[in-house]
Amino acid sequence: MLEERGNARGEPGSEDLSVTGEPERGGPFQMAGERLVPFSGMERILIGLDADQCVAVTTTEGPVLVVAGPGSGKTRVLTHRVAYLIGSGRARPWQIVAVTFTNKAAREIRERLGGLLGTESAQLVQAGTFHSLCVRILRRDGYRIGLEPAFTIYDEEDQLALVKQALRDLGLDPQRFSARMLLGRLSRAKNDQHSPSDLQSMAQSYWDEVAARVYERYAQYLQRAQAVDFDDLLLRTVELFTEYPDVLAHYQDRWRYLQVDEYQDTNRLQYQLVRQLASGHRNLCVVGDPDQSIYSWRQADIRNILEFQRDFPDATVIRLGRNYRSTPQIVAAADAVIRVNRQRIERPLWTENPPGPPIRLLACWDEQQEAEMVVSEIDSLVRTGNARYRDIAVLYRINAQSRSVEEALVRRQIPYQVIGGVRFYERKEIKDALALLRVLVNPRDWLSLRRVLSETVFGRGIGEKTLLQLEQWGQRQQCSPADVLLLLVEEREEAPALAAATVRRLRELGGELVRLRAAMVEHPASQLFDLALERSGLAARYRDASDPTERERWENLVQLRSVLERYDTVPAAEGLPLFLEEAALVAAIDEAEMSGDQVTLLTLHAAKGLEFPVVFLIGVEEGLLPHARALESEAELEEERRLFYVGITRAKERLYLSYCSSRNRFGLHERSIPSHFLDDLPPDVVERVGGRGWSASAHVSSSIEDRAPVATGGTVPVMPRLRAGQRVFHPRFGDGFVVAVREKAGDQEVTVQFKRHGIKTLLASLAKLVVEE
DNA sequence: CCGTTCGAATTTTTT
DNA sequence: ATTCGAACGG
């Protein structure tokens with residue numbers, strides 16, 4: 001699918017190329033001659049691009065930096081550049097690498113390329129995230145640095161478990177040393193390519209000492225489990241390339257043209273990787289926007305883009321400043337906001353799009369009313385034919401903000417999807433099933449084995465004590481606990497000093513694992529999954545549960561199985577590693593469903609790179625945007641402002657900003673004031689909504705009488721006596737009817753059959769049940 | 001060794 | 001408010 005948004009708006013056509021081309025730079029003019037030569041699709045590749053975009057597409061040799069403002073056709077340039085490389089015969093598809101920020105972006109590039117070149121070529125282009133690229137490299141060549149092809153990828157939960165384990169082993173109090181904070185230190189150390197001993201020798205405080213020692217243990221654990229964390233995927237690839245120049249040479253030779261998207265959000269390790277891969281041919285094109293750098297907390301280093309010209313003095317620099325996405329009002333607002341940042345290279349931002357409606361600023365009482373206003377506006381936009389649900393996004397700073405909006409959407413029965421939050425692959429039951437599969441693929445993954453033992457019937461009769469024995473015994477034998485089990489089955493090893501019954505259990509368990517591993521060779525992944533779920537008792541536990549939330553977990557497992565089926569063309573032994581890789585590396589946004597007609601709810605971070613005709617940016621309040629935890633330094637504050645900028649620039653036509661005067665934080669009503677970022681908006685593009693009469697009631701403490709009528713929209717909140725048979729509404733579970741009521745110490749315990757969420761038992765005083773008359 | 005219960009902490013953003 | 005961990009009792 002070729003997006004021809006530009007043409008529809010009368011973007012400059014091909015005649016512009018001949019006017020503004022710069023032949024001496026190898027620009028479009030020169031290429032204009034060339035595109036008449038053999039390849040017939042070249043016109044299609046260059047047509048509809050403006051002069052700057054054209055230069056970016058056709059400057060194929062040597063280092064190129066594209067500084068691309070929001071909506072300036074960055075993805076388009078990237079895609080067309082790749083197509084141009086292939087179309088002009090400069091490169092074969094597999095010689096081109098396009099590194100994207102998410103898997104979704106990679107998919108999109110491949111799809112669009114398919115439209116330009118045909119799907120066969122498009123599939124051969126190496127498009128993916130740094131992390132997925134590194135997995136491929138390490139699976140193939142990692143054995144050189146002691147990494148088996150079956151290695152496991154640990155997510156943050158696994159990482160935290162390891163840090164906590166390390167703390168326990170070192171006899172340190174996990175209460176005193178926050179595992180999360182330590183993990184942050186380890187990540188920074190890895191990004192600076194510091195080893196545990198580097199950290200040790202640089203230590204300036206007790207904390208540094210602790211961090212160094214934890215790091216040492218942590219790294220040992222990973223190695224023992226044949227596992228890597230997210231940083232390791234990058235770090236160990238850099239190590240591989242450094243230690244084995246022949247391996248690096250192989251990839252340099254294969255990947256002749258490198259494209260890196262969202263370059264402003266790369267970290268030092270990614271930068272190293274880019275340098276290594278590009279150091280031979282130097283055909284490197286990085287695309288990014290320093291003003292949209294919003295991931296410094298994940299070690300992204302804005303210097304990578306700011307200092308690109310220092311690293312590559314001969315780089316061609318191309319600036320894309322014209323915005324094809326948004327109305328002049330939105331562009332003006334964005335420009336005014338970002339201008340306030342001091343750490344910034346000033347850059348023009350403009351559009352020639354026709355004006356649209358003003359930006360609307362909604363003043364609300366609390367998040368319920370905010371949600372109500374947003375949702376009723378959504379409703380009216382759709383009813384008047386000004387938008388479809390899929391054109392609309394609700395953006396917020398933190399995931400918790402989605403809740404009030406979700407409740408309001410459910411009330412109006414408006415279809416929606418939430419991106420992020422509790423991600424699918426992070427759910428407990430999914431992680432349990434994944435741990436099972438991980439152990440089968442990589443028996444040395446003792447962390448997953450531990451999870452299997454504690455969460456499934458495989459662990460029945462085997463507790464913490466036995467596991468400890470097993471681990472110690474394994475360590476003496478230089479093998480993993482799972483290996484120990486396998487050895488026990490083969491009776492090649494004397495059992496450790498344990499009760500006879502326990503040894504019998506261990507042998508049984510070993511037998512289960514051996515059988516499942518054998519099945520892996522013969523059966524496809526989904527069948528192995530069924531088998532593993534049955535044998536481990538996970539199936540029985542969730543499928544046959546009476547509790548509806550447990551059964552919901554079963555539904556999730558069934559859904560997981562359907563993902564697995566995609567790998568069924570090969571035996572599980574081959575398919576499972578690929579599936580586990582996918583499971584480990586999917587981004588929240590990768591799961592977005594763009595085909596249905598539904599409103600999208602997502603964080604500002606997740607919204608990066610996306611655009612919507614209608615955007616609601618909610619909770620523009622001091623402490624939330626900018627977030628309270630980002631007020632330490634000027635640099636952090638500037639990043640928050642960039643986040644606001646990213647949010648504004650997602651909107652094509654209509655932008656709504658909202659804030660509340662009171663917000664429920666921690667179950668307490670807290671006063672909230674509008675974000676000072678709002679002061680930077682040009683007054684002439686903003687229309688204020690609400691606030692009249694509202695400000696008068698604002699300094700009256702926000703009592704229930706003030707708020708109740710607005711928030712509930714017609715129905716009345718009640719805590720009167722409930723009776724069986726009544727129809728009720730719950731903000732989260734929707735419609736239902738009361739099955740039973742039990743009097744309980746001045747309160748009522750109600751059992752409700754919900755239409756969509758099954759049977760729940762709730763306390764009348766706590767559940768916000770509304771009786772429908 | 002396992003399950004339950006009570007208390008505490010959690011809320012920034014995520015490959 | 002929910003979820004996770006520790007402690008306790010069976």
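Computed from heavy atoms alone, side chains included, the values below leave out hydrogens, waters and symmetry copies. Order of the sequence lines sets the chain letters (A, B, ...), proteins ahead of strands, with each chain counted from 1.
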>> Other residues, nucleotides and ligands only: do more than 12 of their heavy atoms fall within 6.0 Å of CZ on A/R344?
In response: yes

Determine: side-chain N/O of [X] to OP1/OP2 of [N], distance under 4.0 Å, yes or no.
| X | N | result |
| --- | --- | --- |
| A/K608 | B/dT14 | no |
| A/T603 | B/dT14 | yes |
| A/R629 | B/dT12 | yes |
| A/H605 | B/dT13 | no |
| A/N664 | C/dA1 | no |

> Can a cation-pi geometry be assigned to A/R642 and A/Y645, taking NZ or CZ under 6.0 Å from the six-membered ring centre and within 45° of the ring axis?
Replying inline: no

Interface polar pairs with nucleotides 2-6 of chain B, N/O, under 3.5 angstrom:
from: B/dC2; atom 1: OP1; to: A/G459; atom 2: O; distance (Å): 3.4
from: B/dC2; atom 1: OP1; to: A/G461; atom 2: N; distance (Å): 3.0

>> Would you compute the distance between atom CD of A/E455 and atom CG of A/L436 and round it to the nearest 0.5 angstrom?
In response: 11.5 Å

Gap between atoms [atom1] and [atom2], on [X] and [N] respectively (whole Å):
| X | N | atom1 | atom2 | answer |
| --- | --- | --- | --- | --- |
| A/D158 | B/dT15 | CG | C1' | 14 Å |
| A/E639 | B/dT14 | CD | P | 13 Å |
| A/F101 | B/dT13 | CZ | C1' | 10 Å |
| A/K428 | C/dT3 | NZ | P | 12 Å |
| A/I419 | B/dT15 | CD1 | C1' | 16 Å |
| A/R641 | B/dT12 | CZ | C1' | 18 Å |
| A/Y396 | B/dT14 | OH | C1' | 14 Å |
| A/R180 | B/dT14 | CZ | P | 12 Å |

> Any luck finding a side-chain donor-acceptor pair between A/D445 and A/Y154 under 3.5 Å?
Replying inline: yes

> Can A/E429 and A/N556 be counted as having a side-chain donor-acceptor contact under 3.5 angstrom?
Replying inline: yes

Are [X] and [Y] ion-paired here, with the side-chain N under 4.0 Å from a carboxylate O?
| X | Y | value |
| --- | --- | --- |
| A/E636 | A/R629 | no |
| A/D231 | A/R236 | no |
| A/R650 | A/E611 | no |

> Would A/F130 pass as stacked on B/dT15, i.e. its ring centre under 5.5 Å from the base's six-membered ring centre and planes under 30° apart?
Replying inline: no

Polar atom pairs between nucleotides 7-10 of chain C and protein, under 3.5 Å, N or O only, would you list them?
none

>> A/S658: which residues meet the side chain to side chain donor-acceptor pair (under 3.5 Å) condition with it, sequence neighbours left out?
In response: A/E370

> Mind checking whether A/Y295 and A/F101 have ring centres under 6.0 Å apart?
Replying inline: yes

>> Given B/dT15, B/dT14, B/dT12, identify the nucleotide with an atom nearest to the side chain of A/W297.
In response: B/dT14

>> Categorize A/N103 for me: base, sugar-phosphate, or nothing, with a 4.0 angstrom heavy-atom threshold over every strand shown.
In response: nothing

